[in-house]
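In what follows, a single structure is set out as structure tokens and then discussed.
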Protein chains: 2
Amino acid sequence: MLLSYTEENYLKAIYHLSEDGKIDVSTNAISDALNTKPASVSDMLKKLSQKEVINYIKYQGVSLTPSGKKIALQIIRKHRLWEVFLVEKLNFNWDEVHEIAEQLEHIQSNLLIERLDEFLGFPPFDPHGDPIPNERGEMKAKKHTPLSETELHNQGKVIGLKETSPLFLQYLDKAGIYIGAKIKVMDKIEFDGSLEILIDNKKTILVSNEVAKNILIAES
Amino acid sequence: MLLSYTEENYLKAIYHLSEDGKIDVSTNAISDALNTKPASVSDMLKKLSQKEVINYIKYQGVSLTPSGKKIALQIIRKHRLWEVFLVEKLNFNWDEVHEIAEQLEHIQSNLLIERLDEFLGFPPFDPHGDPIPNERGEMKAKKHTPLSETELHNQGKVIGLKETSPLFLQYLDKAGIYIGAKIKVMDKIEFDGSLEILIDNKKTILVSNEVAKNILIAES
DNA sequence: ATAACAATTTAGGTTTGTCTAAAAAAAAAT
DNA sequence: ATTTTTTTTTAGACAAACCTAAATTGTTAT
């Protein structure tokens with residue numbers, strides 16, 4: 001089924017809002033996300049409900065139907081693949097690409113997006129560390145961030161490394177850091193970007209910014 | 001000044017229609033090109049005239065103002081650059097890319113298009129042989145086609161070669177073909193794609209399809 | 001439990017880009 | 001030089017996506 005540019009944006013917004021734990025998304029939350037008025041959202045929800053891409057009961061919020069979720073994930077797939085393209089191929093910074101990808105995600109062509117995916121080497125993550133759904137809308141992996149970008153006091157698990165040289169692995173081993181280790185950021189030293197981290201609730205150590213940049217964390 | 005998706009398409013259509021010699025473009029011609037009704041075109045022309053991107057006198061057709069032409073050429077620039085991307089990087093065939101480029105040409109970001117141009121190595125022509133305007137909307141070169149694609153009885157000048165090996169150049173020299181030579185296609189042999197061509201209104205020779213593919217013609 | 005407040009929906013209106021049908025202007029044909 | 005035909009414009013309507021203002025429903029606090 002073919003949806004308009006605007007309808008696609010509504011589905012995407014509902015998907016992102018329900019990601020944050022919520023089962024049902026409120027009209028006001030959607031109007032905030034899309035910079036429209038609640039009245040406009042009500043109109044659109046009625047329409048999307050008729051197209052059976054959302055479950056909608058008046059005054060009680062909305063959720064995506066399976067088919068709505070599939071469409072939302074396709075748009076997210078396109079968005080994230082284009083972001084990879086912009087960063088990897090056109091040398092954009094990861095913080096410059098969002099608005100352009102917002103436009104590119106609505107280009108209609110399955111072949112295009114599969115070719116793009118291939119051209120980019122089937123990347124599993126976008127430049128912000130968010131996983132890229134596959135063509136069936138499946139997304140196994142979780143979002144990850146470099147330890148260096150993790151907020152103060154946040155915690156998560158080590159899910160990957162950017163560096164895999166023996167020297168780096170030896171260092172991690174000695175420090176007690178391994179894939180799956182639980183890490184909490186206790187302090188950030190502004191001067192050089194080094195971090196004080198708590199590993200598995202047991203040991204607190206100091207890691208340099210260089211090291212932190214190469215450890216990927218799935219926050220929780 | 002910012003135009004809508006639809007307004008951009010009108011300007012582009014008017015540009016292409018006035019390319020074919022015509023100074024003033026008719027309402028019907030535009031409605032044909034855009035698959036809309038003449039009444040809709042009249043409405044839009046009034047609007048575009050108010051925005052001072054076209055010169056419009058009722059019942060007398062339209063032409064682009066300098067600012068309208070500049071906008072049209074920017075869109076054409078984007079269209080052609082994306083076509084190069086699709087063919088060169090994503091391995092599309094040159095006849096598959098038009099519809100996708102029709103969508104991509106409306107993506108708004110000057111930085112994007114300049115980066116794309118650079119990424120593609122500043123190509124002077126799109127995959128159909130049409131020249132790509134520069135960022136100021138200037139387009140020096142003329143459209144070119146391989147001699148092998150030139151229609152029967154059409155004529156033009158040799159403006160370039162795809163092959164530049166000494167053997168090929170020697171062959172051309174012997175045949176009397178040089179950059180600037182006037183060539184007319186007298187006959188096409190279906191069997192092997194070879195061509196009978198008239199050079200400078202003097203000499204008729206037969207060239208193989210392989211040779212014809214490597215000679216670029218600016219038709220006239 | 002009910003009053004006050006917040007969230008949501010309905011009603012009615014706007015803009016953009018389209019349409020059909022009818023009127024007006026220009027071009028072609030007698 | 002009229003008539004006929006074609007082209008173009010106007011008038012009035014419609015769908016999509018938005019808006020404001022008013023009405024309704026749900027929630028919270030007393």
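This one's a predicted model, so the numbers in the text were calculated from it and none came from an experiment. Here is the naming used below: chain letters follow the sequence lines, and residue numbers restart at 1 for every chain.
- Mapping A/Lys58 and A/Ser4 onto DNA chain D by nearest heavy atom places A/Ser4 closer to the 5' end of the strand.
- The side chain of B/Ser40 places no N or O atom within less than 4.0 Å of a non-bridging phosphate oxygen (OP1 or OP2) of C/dT18.
- Between the NZ atom of A/Lys37 and the P atom of D/dT20 there is a distance of 5 Å, rounded to whole Å.
- Listed by first and then second residue, the ring-ring contact (aromatic ring centres under 6.0 Å, His included) pairs that reach into residues 127-146 of chain B are B/Trp94-B/His128, B/Phe125-B/His144, sequence neighbours excluded.
- Ring-plane geometry between A/Trp82 and B/Phe85 is classed as tilted, the angle between the planes lying from 30 to 60 degrees on a 0 to 90 degree scale.
- Screening residues 14-73 of chain A for ring-ring contact (aromatic ring centres under 6.0 Å, His included) gives no qualifying pairs among residues at least two apart or on separate chains.
- We find that NZ of A/Lys46 is positioned 14 Å from P of D/dC18, with the value rounded to whole Å.
- A/Gln60 has its CD atom 13 Å from the P atom of D/dT25, to the nearest Å.
- Rounding to whole angstrom units, CD of residue A/Glu7 and P of D/dA15 are separated by 15 Å.
- Here the side chains of B/Ile177 and B/Ile205 are in contact, with some heavy-atom distance below 4.5 Å.
- Side-chain N/O atoms of A/Asn28 include none lying less than 4.0 angstrom from OP1 or OP2 on C/dA6.
- Taking the side chain of B/Tyr10 as heavy atoms from C-beta on, and the options C/dT18, C/dT9, C/dT8, the nearest nucleotide is C/dT18.
- Atom CG of A/Leu45 is separated from atom P of C/dT10 by 11 Å (rounded to the nearest Å).
- One interatomic measurement links the two molecules: CG of A/Asp43 to P of C/dT14, which rounds to 16 Å at whole-angstrom precision.
- At the phosphate of C/dT16, neither OP1 nor OP2 sits under 4.0 Å from any side-chain N or O atom of B/Thr6.
- Relative to the side chain of A/Ser42, the nucleotides C/dT10, D/dT10, D/dT8 differ in distance, and C/dT10 lies closest.
- Take B/Glu138 and apply the salt bridge (Lys or Arg N to Asp or Glu O under 4.0 Å) test, not counting sequence neighbours, and it matches B/Arg136.
- DNA chain C is contacted by A/Tyr56 of residues 50-57 of chain A, taking any non-hydrogen atom closer than 4.0 Å.
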What side-chain donor-acceptor pairs closer than 3.5 Å can you find for residues 25-44 of chain B, not counting sequence neighbours?
from    : atom 1 : to      : atom 2 : distance (Å)
B/Ser26 : OG     : B/Ala29 : N      : 3.1
B/Ser31 : OG     : B/Asn28 : O      : 3.0

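- The phosphate of C/dA7 has neither OP1 nor OP2 within less than 4.0 Å of any side-chain N or O from A/Ser26.
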Identify each donor-acceptor pair in which a side-chain atom of residues 147-158 of chain A lies under 3.5 Å from a protein atom, sequence neighbours left out, and give them as a table.
from     : atom 1 : to       : atom 2 : distance (Å)
A/Thr150 : OG1    : A/Pro146 : O      : 3.3
A/Thr150 : OG1    : A/Leu147 : O      : 3.3
A/Asn154 : ND2    : A/Glu219 : OE1    : 2.7

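- Spacing between atom OH of B/Tyr59 and atom P of C/dA25 amounts to 6 Å, rounded to whole angstrom units.
- Atom P of nucleotide C/dA7 and atom CD1 of A/Ile30 are separated by 14 Å, given to the nearest angstrom.
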